[in-house]
Amino acid sequence: MLRVRFAPSPTGFLHIGSARTFIFNWLYARRNGGVMILRIDDTDIERNTDASLQSIFEGLAWLGLAWDEQYRQSDRLDLHRQAAATILEKGLAYRDFTPATHDEGERPRDAAQWLFNADMANLTPAESQRRADAGEKFVVRYRVPRDVTRDIEFLDGVYGHQSKSTADIEDFALLRSDGTPTYHLASCADDAALGITQVIRGQDHLSNTFKHILIFDALGGDVPSFAHLPLLVAPDGTKLSKRRHGPVVSVTTYRDAGFLPQAFVNFLCLLGWSPKNDREQLTLPELIELFSFDGINRSNAVVNFSELEPFDPKALWLNAQHLRSMPIEELLPFAEAELDRAGFSLPPGCDRQWLAATLDMLRARYQTLKDFGTRARPYFRDDFPMDDEALSRLDKPGAREGLRTLAERLAKLPEFTEAAVEAELRGLAAERGEKAGLLINAARSALTGQAVGPGAFHLFTAIGRERSIERLREV
RNA sequence: GGCGCUAUCGUCUAACGGUUAGGACGGAGCCCUCUCAAGGCUUAAAUACGGGUUCGAUUCCCGUUAGCGCUACCA
């Protein structure tokens, strides 16, 4: 059975890079009929926060991609300690009684000294046990083979064949001096215990994988296969971080900016992966169908944002594409939530069908859900601002007078349809010896306060006879 | 410093030895048109550098350069 996991550590909000890792895992699981597991890697008690945990669940909930099983590493500390004990018993690890030093700058960088501490590695089991029993603090380190060096190898699903000599791997820690497991140990022990078959994670773990293979071997279980994903970086080429790049790195920022989750997922997938068929706009089912490691790139992908343009233009474009092409019924809940937030309610006499038709008309020129809460105001409320550009259309000679005349004629119209309004308006313009555009543009301005928007005749029917006439009279 | 990874238009990418190096976003222009979008068309824009291998390299190999990652009792 294929089993994959997404294992975030709750030390910050849900990062878009993490979200992408989650998505790729999810896609892989769904594509191949596997099980998707969410595991909270909270072994760093110092840095974990509840707010972060909150942010992760909030972000994942928004993406709308469900997982099948859920675990939390802090519930599994016994398993981790047991794993460490097993490795220690096998002689594949040793106790290091050296006190912790926090000045890493002091670590030797040139020689091979950093690899291991010979004094500690060579302590006899009896001596090691005696000092431990005496209550001396120690960290448990993996005993990387030194007498004979060999190459650790694996075939990465994305990066291909990987190899590293044990001579270049240091004796890394398994257990801290307070007895808690390090990331490496906890992650591998859990991957083994949970039967993870494919580890799909960020490329920043590529070099760690050699250590992980050593741990899996020491534990005696199967080594999962690995696939590493290129990193998402900022335009300056550095890893995305909140401190340096601000809120654009957080998933909830996109949610709050009016992105559609499916469009956002689509965007993230295109960063570092290609379906290779020149298609860009893809639905979730299509992504599942098309997803494969073959299409994953090996170089980092830049998320293109700046102070001026806080969101990648392609993300915006994709959002607009999804916005206007998804079934209107699916869009409705998202749009309604936005209208609610803005305090807009259905105008008198308008039903859900009117709402669907009106939003359908508007969405072709909207980019994010936020537009429904701002630009759609004149369709829901009678108090709306008048743009300068709209005002100048009204100020054209004869425009206001023409609109007032039009209002009276529309009031007498037997049927208030798009075609009837158009005939009436064009007729009036002809009578007055003016171009129809003058009245058309002025009407749009009067009706919505906006110089730009949907076709004017369509507008009349959307806003309705009564309100339209009212607004024309008031110019 | 050591080790690992990477390198195609501004950005995301296609081309798995032979193409006028393709597409998308963004930019510019045109068309459509009652405005704005949308849509259609056109256009500018890339193989980091140097060596090989080969009849032929974006593609394979080596080197240089640059970037990124790991090198913690972080993950």
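Residue numbers begin at 1 in each chain, while the letters A, B, ... track the order of the sequences.
Under 3.5 Å, the side chain of A/Asp204 and the base of B/A75 form no donor-acceptor pair of N or O atoms. At a cut-off of 3.5 angstrom, the base of B/C73 holds at least one donor-acceptor pair with the side chain of A/Ser177.
Across the interface with RNA chain B, nearest-nucleotide mapping of A/Phe138 and A/His161 shows A/His161 to be the residue nearer the 5′ end. Positionally, the nearest nucleotide of RNA chain B for A/Arg20 lies more toward the 5' end than for the other of A/Arg20 and A/Leu175.
Taking the six-membered ring where tryptophan is involved, the planes of A/Tyr366 and A/Phe372 are perpendicular, since the angle between them exceeds 60° and thus also 30°.
Contact annotation for A/Ser165: no contact, since no heavy-atom pair falls under 4.0 Å across all strands. As judged by a 4.0 angstrom heavy-atom cut-off over every strand, A/Asp44 is placed among residues touching the sugar-phosphate backbone only. Backbone-only engagement by A/Asn297 is indicated by non-hydrogen atom pairs under 4.0 Å involving sugar-phosphate atoms exclusively.
Atom CD in A/Gln54 sits 10.0 Å away from atom OG1 in A/Thr49 (nearest 0.5 Å).
The nearest whole Å value for the distance from the CG atom in A/Leu231 to the C1' atom in B/G4 is 13 Å.
Checking the phosphate oxygens (OP1, OP2) of B/G4, no side-chain nitrogen or oxygen of A/Gln162 falls inside 4.0 Å.
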- Message: I need a per-nucleotide contact map over nucleotides 23-42 of chain B, read 5' to 3'. Cutoff is protein heavy atoms under 4.0 Å; write B for the base, S for backbone only, - otherwise.
- Response: BBS--------BBBBSS---

